[in-house]
Amino acid sequence: MGRGDVFELAGRFSPDLIVCDTSTPSIYNDVEVAADLKKLLPESFIALVGTHPTALPEETLLLGDGPAAVAMGEYDMTLLDLARCLEEGGDVGRVAGLCLRRGDSFVRTPPRPLIEDVDSLPFVSESYKKHLNIRDYYFAAADYPVIQIISARGCPQRCFFCVYPQTFHGRRFRPRSPENVAAEFAYIADTFPRVREIGIEDDTFTVDRKRAREICRLLVGQSNRLKWYTNVRADVDYETLAAMRNAGCRLVTVGFESGSQEVLDRMRKGLRLEQSYAFMRAARKAGILVHGCIMVGNPGETRETMEESLRFARRLACDSFQFYPLIVYPGTEAWDWAREGGYLLTEDYSRWLSPSLSHASPISIPGLSMDEQQRFCERAYRAYHFRPRYLAGKLVQSIARPSEGRRNLRSAAQYFGYLARSLVAGG
Ligand code: SF4
């Protein structure tokens, strides 16, 4: 939707409460849209949510006078309380979890505790049913149409760059019960006959492997027809991966991050290189596809360690790989490291988006400029995916599994679209 459509819809609907989701690269635009909505609907109360305003609530409210508040962190219950409070004409200062604009200053209400009974939340797929057209949403790694859900919140690991555990969901693992997750699979299968895949977008699905296997057991028991993908660490055992495959898991996304043990240790990944190799052997044996992620520009990164990462990626031989520079987000240890070390080139958040609309963050570390990191990532992507052996494997896969063939074609189209945008942007 363009802005005009949004304003027209909002004008017709005339809501009392408007909630704007945000992201770091779009934050100026988000606040600007909120300001325009406020002009259109002066009586409305506008709240911002997201990792960025959670980390920097006052700074974000200072960007424009449209939003009246930030709902900080995990905001489900904060927004519900806020809506009730506004409906009853109460004092919003009594709603926990807010940073409120009060004239020229700001006040923070008491912190909002994290939700303990995650099963008490309604299925997000019910909201898809009520409000969204599933055909509007596309994700390159998944078959289409896809619905994304979350089966657990929080990750106990301490990766220094990772934004959600540090700003939102916390480090304590708070899972939904296996029964509740399996029930949502059944609901989606019944309600959306066209949906082909479910994305379980947990920070880490396999924190509790016993629970993961129990979800799989229930899915097999209810003859689950839906494929699914999820995010895991490279420390999952074969038994769990085999159970996942048996229950319909098609693909897992894994942050291998670096081929240098020293760089892995300095980002506090808590992972040994040998574990990654063992994981890949187990995933192949189980028949699960792996989308791997490599990041460059972490503490200790050099040209040599970046090359090690590319060699590591080739040896791992995942179904696909992404190579990105480290993106530092406000609220993370990586952000503090980059700021304190003088590596952050600017705090103009629009620079968190490259000219070709891809992720970016303007960091130069000693001996490795931002441009060099970006160029390496583009070269590594091509070096990994445009090898004759890899392309031949993809051809065989596309013939053997037509749904993967469709997905491969869409991914290729997306990549060439990105290349075209880069050329136009001169990026
Ligand atoms: S294991 Fe994954 S989700 Fe957990 S902190 Fe590290 S990067 Fe984040």
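Index from 1, following the sequence. Both counts, for ligands and for their atoms, begin at 1 and track the order of listing. From a predicted model like this one, the values you see are computed outputs, not experimental measurements.
Close contacts between ligand 1 and Arg233 involve ligand atoms 1 (S) [criterion: under 4.0 Å to a heavy atom].
At least one test fails for Arg379 against the ring of Tyr381: distance under 6.0 Å to the centre or angle within 45° of the axis.
Side-chain contact annotation: Thr204 with Arg233, donor-acceptor N/O pair under 3.5 Å absent. A side-chain donor-acceptor contact under 3.5 Å links His291 and Ser320. Residues Glu184 and Asn180 have side chains that never bring a donor and an acceptor to within less than 3.5 angstrom of each other. No donor-acceptor contact under 3.5 angstrom links the side chains of Thr78 and Asp81, judged on distance only.
Neighbouring protein atoms of atom 8 (Fe) of ligand 1 (N, O or S, distance under 2.8 Å, waters ignored): Cys162 SG.
Ring centroid separation for the pair Tyr229 and Phe139 comes in under the 6.0 Å cut-off.
Classification of Lys394 and Glu404 as a salt-bridged pair fails, no side-chain N sitting under 4.0 Å from a carboxylate O.
The closest approach between any non-hydrogen atom of Arg171 and ligand 1 is not below 4.0 Å.
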